[in-house]
Amino acid sequence: LLRDAHFTGVSYGKYDLEWLLHSLRAEQVGGSPRLCVDLAKGPVALESYISARDHMYRQVYDHKTVRAYEALLVHIFQLLVWIFQEEGGWPSGMPLPMVRFLADVQEGRQPALADYLALDDTVLDYCFGQWAELAAQTENQAELRWKCKLFRDRRPVYRRIVWRIPEIGGGGEQLAFGYKQSAGIDGIKSELTPGPVQGHYRSDLIHDPVIAEAVDIFFRQRADERVLVEEPDGAKRSIPLRLLVYVDRLDRAPYSHLQYIPGHSEPIYVVSESGAVHPAQRVSALINFLGKSHRRQARVFVDPRAESS
């Protein structure tokens with residue numbers, strides 16, 4: 001958090017790390033040792049840490065531009081697998097760490113942790129820089145060159161679909177989020193509007209999980225449909241929809257449970273002045289509030305070349 005706050009130039013992620021570390025104690029919980037926070041020393045430091053995490057996710061990690069580049073990165077990896085399936089080999093200039101990682105992905109295996117960790121910034125920057133200047137022999141390779149240029153040059157990338165969302169008064173649930181009842185996605189049709197509409201507002205966010213799932217299903221069912229896109233130089237290519245549209249669904253909880261044991265979540269434990277060990281949410285109203293907070297949202301990112309399609 002501190003590193004990311006520093007290099008992004010924001011103050012959201014700052015908290016008193018030294019005091020929090022000074023407050024750590026090892027205690028037995030259920031017969032096993034656990035790191036705990038001594039409340040006599042660190043209640044404010046712990047609360048500021050949880051709050052900082054919430055703020056960084058809201059303002060930095062889940063920012064629309066960050067998520068757009070993540071969507072582009074996902075599409076680049078999907079495109080690499082597609083190229084292998086279509087052409088029987090990887091693009092030129094592929095370093096060994098990338099070959100190992102993608103070999104597992106292409107065959108449907110979970111990549112080894114060591115192979116994943118080997119894909120650091122140096123490897124990825126090298127690959128994208130090479131492929132951004134690729135002498136493309138096929139449409140697939142030309143598409144890879146286009147996407148890698150976007151990533152390498154940090155050019156404006158994917159657009160967000162903006163939905164017309166009805167305002168529901170009286171504190172009612174927003175169940176429509178940009179849709180009208182008509183033929184379409186399971187009886188729901190998306191409607192893009194050029195300007196403000198009475199009784200509605202415009203947003204790129206979908207908060208209703210039912211609608212988000214319907215949108216996701218809609219695009220997954222049409223993932224292999226080809227879309228004709230036009231390049232800035234006038235050239236046209238036929239690209240699968242799954243490489244042009246990305247449904248970005250998030251489910252965030254600012255009070256993240258720890259995993260001392262893989263697959264088994266536990267709370268952050270605190271030690272009271274009496275020496276008793278409790279989950280942090282039982283002794284802090286702020287952490288209890290954040291522990292019940294779940295932010296669910298979805299955006300649909302679209303390659304700008306496919307916007308008119």
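Heavy atoms of other residues, nucleotides or ligands lying less than 6.0 angstrom from CD of E107 number more than 12. For E273, the CD atom is loosely surrounded, since the number of other residues' heavy atoms within 6.0 Å does not exceed 12. Heavy atoms of other residues, nucleotides or ligands lying less than 6.0 angstrom from CZ of R67 number more than 12. Within 6.0 Å of OH on Y116 lie no more than 12 heavy atoms contributed by other residues, nucleotides or ligands. Taking a 6.0 Å sphere around CZ of R109, one finds it holds more than 12 heavy atoms contributed by other residues, nucleotides or ligands.
Atoms OG1 and CZ, from T65 and R160 in turn, are 7.0 Å apart once rounded to the nearest 0.5 Å. To the nearest 0.5 Å, atoms CG (L241) and CD (E225) are separated by 6.5 Å. With rounding to the nearest 0.5 angstrom, the CZ atom of R53 is 8.0 Å from the CZ atom of R252. Distance check: Y49 OH to L2 CG gives 10.0 Å after rounding to the nearest 0.5 Å. Annotation: the span from D115 atom CG to Q110 atom CD amounts to 11.0 Å, rounded to 0.5 Å. Taking OG of S203 as the reference point, atom CD of Q297 lies at 9.0 Å (rounded to 0.5 Å).
The minimum heavy-atom distance between D62 and R299, with the atom names listed, is O-NH1, 3.4 Å. Taking every heavy atom of both residues into account, R305 and R237 meet most closely at NH1-NH2, 3.3 Å. The two residues A280 and I287 make their nearest non-hydrogen contact at CB-CD1, 4.0 Å. Here the shortest heavy-atom pairing between M56 and A5 reads CE-N, 3.8 Å. In terms of heavy-atom proximity, A132 sits nearest to C148 at N-CB, 3.8 Å. Closest approach of H75 and V245 over heavy atoms only: NE2-O, 3.2 Å.
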Test log, rule salt bridge (Lys or Arg N to Asp or Glu O under 4.0 Å), inputs D216 and R249: CA-CA 9 Å; D216 202 2; R249 299 177 67 179; 3.4 Å; yes
Steps toward side-chain contact (heavy atoms from CB on, under 4.5 Å) verdict (W146, L79): CA-CA 11 Å; W146 160 264; L79 179 56; over 6 Å; no
Derivation and outcome, side-chain contact (heavy atoms from CB on, under 4.5 Å), residues L1 and Y15: CA-CA 9 Å; L1 286 175; Y15 61 97; 3.9 Å; yes
Verdict with supporting geometry, Y61 and D4, side-chain contact (heavy atoms from CB on, under 4.5 Å): CA-CA 9 Å; Y61 302 138; D4 293 345; 2.6 Å; yes
Derivation and outcome, side-chain contact (heavy atoms from CB on, under 4.5 Å), residues V300 and F219: CA-CA 10 Å; V300 181; F219 285 110; 4.0 Å; yes
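Just one of D38, L20, V283, D16 meets the side chain to side chain contact (heavy atoms under 4.5 Å, CB included) condition when paired with L46; it is L20.
Here the side chain of E230 pairs no donor or acceptor atom with the backbone of L228 at under 3.5 angstrom.
In this model, a donor atom of one side chain and an acceptor atom of the other lie less than 3.5 Å apart for E87 and Q141.
The closest side-chain heavy-atom distance from N288 to R282 is not below 4.5 Å. Residues L290 and L286 have side chains in contact (heavy-atom distance under 4.5 Å, counting atoms from C-beta outward). Counting only heavy atoms from C-beta outward, the side chains of V302 and L244 never approach each other to under 4.5 Å. Looking at heavy atoms from C-beta onward, R145 lies in side-chain contact with K149 at the 4.5 angstrom threshold. Residues V10 and H55 form no side-chain contact, since every pair of their non-hydrogen atoms from C-beta on lies 4.5 Å or further apart. Counting only heavy atoms from C-beta outward, the side chains of I239 and D303 never approach each other to under 4.5 Å. Proximity of L39 to V271: side-chain heavy atoms (C-beta onward) are nowhere separated by under 4.5 Å. Q28 places a side-chain heavy atom less than 4.5 Å from the side chain of P33.
Under the 4.5 Å side-chain heavy-atom criterion for grouping Ile, Leu, Val, Met, Phe, Trp and Tyr, F77 is connected to L243 within one hydrophobic cluster. When the side chains of ILVMFWY residues are joined at heavy-atom separations under 4.5 Å, either directly or via intervening members, M98 and Y126 end up in two distinct hydrophobic clusters. Residues L250 and F301 fall into different hydrophobic clusters, defined by Ile, Leu, Val, Met, Phe, Trp and Tyr side chains chained together at heavy-atom separations under 4.5 Å. In terms of hydrophobic clustering, with Ile, Leu, Val, Met, Phe, Trp and Tyr side chains grouped at heavy-atom distances under 4.5 Å, L113 and L119 are assigned to a common cluster. V66 and L72 are assigned to two separate hydrophobic clusters, defined by single-linkage of ILVMFWY side chains at heavy-atom distances under 4.5 Å.
Between F128 and W131, the ring planes lie tilted relative to each other; the angle falls in the 30° to 60° range.
Cation-pi geometry between R100 and W90 is not satisfied (NZ or CZ under 6.0 Å from the ring centre, within 45° of the ring normal).
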